[in-house]
Amino acid sequence: MLKKFFSYYKPHKRLFIIDFSSAIFVALLDLAFPVAVQWFIDDLLPEGNWGKIVLVSIVLLAVYLLSTFLQYVVSYLGHKLGINIETDMRQQLFNHVQRQSFRFFDNTKTGHVMSRITNDLFDIGELAHHGPEDVFIAIMTIIGAFAIMYSINPELAIIAIIMVPFLAILVTFCNIKMNAAWRNMYGKIADVNARVEDSVSGSRVVKSFTNEEFEIARFKKDNGSFRTAKLVAYKVMAWTHSSMFMMTRLVTLLVLVVGAWFSFNGKLSYGELVSFVLFVNVLIKPVDKISALLELYPKGMAGFRRFRDLIEQEPDIQDAPDAIAVPHLNGDIVFDNVHFQYDDNKAVLQGIDLSIRAGQTVAFVGPSGAGKTTICSLIPRFYDVNEGAIAIDGLDIRKMTQHSLRSQIGIVQQDVFLFTGTIKENIAYGKLDATDEEVFEAAQKAHLEDFIASLPDGYETQIGERGLKLSGGQKQRLAIARMFLKNPPILILDEATSALDTETERIIQQSLNELAENRTTLVIAHRLATIRDADRVIVVTEDGIAEDGKYEELVNQGGIFARLHNIQFQEV
Ligand SMILES: Nc1ncnc2c1ncn2[C@@H]1O[C@H](COP(=O)(O)OP(=O)(O)OP(=O)(O)O)[C@@H](O)[C@H]1O
């Protein structure tokens with residue numbers, strides 16, 4: 001895990017070297033100060049040469065100024081390094097999530113992804129900055145300080161250093177405790193985020209069931225668990241800090257008393273005693289640093305582990321190494337003995353054979369949960385078949401690149417997702433490099449222009465969270481305009497109009513019919529009136545394809561479809 005962590009430093013090698021070497025200088029200057037003080041007291045003061053004292057003070061001032069500058073460099077560039085690594089990781093995570101297939105989104109809570117992208121990465125960035133630098137400097141300072149102290153008075157140096165192993169044991173013990181506490185806390189905050197995401201996205205459902213109190217109670221529980229987890233983490237942290245404080249002050253006191261005794265017996269000069277006390281502070285500084293790192297390390301590493309867990313989840317749908325970018329599809333679709341299941345529990349499709357000719361409009365009807373949407377989701381390879389194959393224009397879709405395949409399939413669903421932005425941007429989502437003229441033309445074809453003209457800002461009207469709210473019919477038209485722009489040879493209309501009232505449905509249907517012209521169109525519909533003109537109707541039941549034929553033929557057959565037809569048109 002550490003090796004993987006360090007690989008993120010590679011692109012920022014230069015920054016790391018500047019930051020690291022500045023930090024080494026700062027540490028060296030820290031070591032020089034007590035030596036200078038000792039020299040000052042023991043040699044310069046007794047000499048009584050004021051001119052020399054002033055000169056040495058000026059040199060010390062220069063050293064301080066240099067040290068201050070280097071401190072600035074370490075603080076700024078160090079954080080820059082941390083932010084750079086954090087930004088790289090965030091981008092990598094976002095790119096990775098974009099590459100994921102449907103199965104990932106089926107199984108992942110948005111709130112959990114949000115947690116990784118925000119909270120986890122803040123701590124990783126901090127660790128990236130402080131981690132290696134602080135450990136190295138701390139070890140170097142301890143060794144350097146001890147060496148100098150030993151050269152002055154070995155006995156006192158050993159007394160001072162003897163406490164360090166105890167501190168190390170304490171540090172390790174606290175590390176284990178803190179690690180567990182932070183890991184737990186991160187799990188809890190991810191739950192809180194997921195709960196917020198759920199209740200905000202599902203606010204309509206919450207309100208329609210008047211379940212606000214229930215949501216509040218659920219949130220209170222998660223929020224409470226998070227509070228408890230964080231409190232435990234802080235308790236461990238407070239305990240760690242206080243024990244560390246106690247230990248370090250004990251060392252100072254011990255050195256002061258023993259040093260005073262040595263000095264009393266003529267084994268230590270006053271200058272040496274003062275420099276020893278100062279050195280104890282130099283010695284304690286790295287321990288403080290390590291204690292701060294102790295707080296950061298488990299948090300950052302827990303975040304990093306979760307980040308890696310997500311990054312290492314390879315999308316289950318990937319392009320074959322020799323996948324072909326198909327230039328233009330005609331839209332002949334063939335299902336050959338297709339078996340499919342979402343998970344191990346239940347087979348959804350078992351041995352589906354189906355052949356759709358380019359340009360045909362095929363309607364899928366049948367009971368809820370029979371697998372109509374599933375059949376259509378397999379064509380753009382949102383999921384891969386478990387057995388059998390799907391071919392378009394005679395080529396297995398697994399041999400095509402996902403991009404070239406999906407860019408030739410348009411899907412209009414009941415739920416239209418609009419992005420925050422203008423009407424124009426939302427239509428142009430169907431073809432990112434569309435010219436204004438193309439957008440206007442698409443809007444015209446979707447019969448949107450009158451509506452857009454009635455808006456004060458026309459195409460530039462903001463929609464989404466902080467802008468205009470569109471009705472179901474208007475959203476649907478926008479989705480149709482997107483499709484006119486995308487202009488795919490294969491079109492899937494998944495209950496596109498079922499959320500609309502009959503009048504709006506009739507009008508939208510007209511746009512959909514225009515959209516479907518000259519394309520292979522698959523329509524999933526519950527209202528049979530919308531599929532009367534389909535070239536073929538396929539009845540899907542849990543046992544597979546039950547009926548297949550023209551609308552009138554199926555009605556005359558007197559089977560499942562005829563029954564559905566009779567129920568809807570009350571011809572019984
Ligand atoms: N993402 C998913 N993960 C697991 N199971 C799923 C998923 N989507 C659908 N299913 C299951 O697969 C079966 C077929 O669902 P599908 O949505 O294809 O049916 P449908 O015929 O389109 O239904 P409806 O008419 O209600 O939309 C159902 O039993 C459903 O529970």
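All ligand and atom numbering here is 1-based and tracks the order in the structure.
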- Note on the structure: Judged by heavy atoms only, the candidate from Y342, F105, F382 nearest atom 3 (N) of ligand 1 is Y342
- Query: So which heavy atom in the protein is nearest atom 19 (O) of ligand 1, and how far is it from that ligand atom?
  - Reply: G371 N, 3.2 Å
- Message: Return the closest protein heavy atom for atom 16 (P) of ligand 1 as residue, atom name and distance.
- Response: T374 OG1, 3.5 Å
- Query: Are any non-hydrogen protein atoms located under 4.0 Å from atom 7 (C) of ligand 1?
  - Reply: yes
- Query: Are F105 and F102 near enough that their ring centres are under 6.0 Å apart?
  - Reply: no
- Protein heavy-atom partner closest to atom 27 (O) of ligand 1 - residue, atom, separation in Å: E495 OE2, 3.4 Å
- Is K207 salt-bridged to E212, going by a charged N under 4.0 Å from an acidic O? yes
- Query: For atom 26 (O) of ligand 1, what's the nearest protein heavy atom and its distance?
  - Reply: S368 OG, 2.5 Å
- Give a yes/no on ligand 1: does K346 have at least one heavy atom closer than 4.0 angstrom to it? yes
- Query: Do any nitrogen or oxygen atoms of G366 lie less than 3.5 angstrom from nitrogen or oxygen atoms of ligand 1?
  - Reply: no
- Which residue and heavy atom of the protein sit nearest atom 23 (O) of ligand 1, plus the separation: G369 N, 2.8 Å
- Item | Residue and atom name of the nearest protein heavy atom (relative to atom 1 (N) of ligand 1), distance in Å to one decimal | D106 OD2, 3.0 Å
- Query: With a cut-off of 6.0 Å (strictly less than), are more than 12 heavy atoms of other residues, nucleotides or ligands near CZ of F304?
  - Reply: yes
- Query: Are any non-hydrogen side-chain atoms of R381 and R406 less than 4.5 angstrom apart?
  - Reply: yes
- Charged N-O contact under 4.0 Å between D120 and R306: yes
- Query: Mind checking whether I85 and I83 have side chains closer than 4.5 Å, heavy atoms only?
  - Reply: no
- Message: Any protein heavy-atom neighbour for atom 29 (O) of ligand 1 (distance below 4.0 angstrom)?
- Response: yes
- atom 25 (O) of ligand 1 - nearest protein heavy atom and its distance: K372 NZ, 2.8 Å
- Report yes if some heavy atom in the side chain of V412 is under 4.5 Å from a heavy atom in the side chain of D494; otherwise report no. no
- Residue part near ligand 1, for T373, under 4.0 Å between non-hydrogen atoms: both
- State, to 0.1 Å, how close M483 and P488 come at their nearest heavy-atom pair, and which atoms those are. O-CD, 3.6 Å
- Item | Heavy-atom pair of closest approach, residues I545 and D353 | CD1-O, 3.8 Å
- Query: Any idea how Y9 and F5 line up, ring-wise: parallel (<30°), tilted (30 to 60°), or perpendicular (>60°)?
  - Reply: perpendicular
- Item | Polar proximity ligand 1 side, H526 side, N/O cut 3.5 Å exclusive | yes
- Message: Heavy-atom pairs closer than 4.0 Å: do any link ligand 1 to the side chain of Y383, the backbone, both, or neither?
- Response: side chain
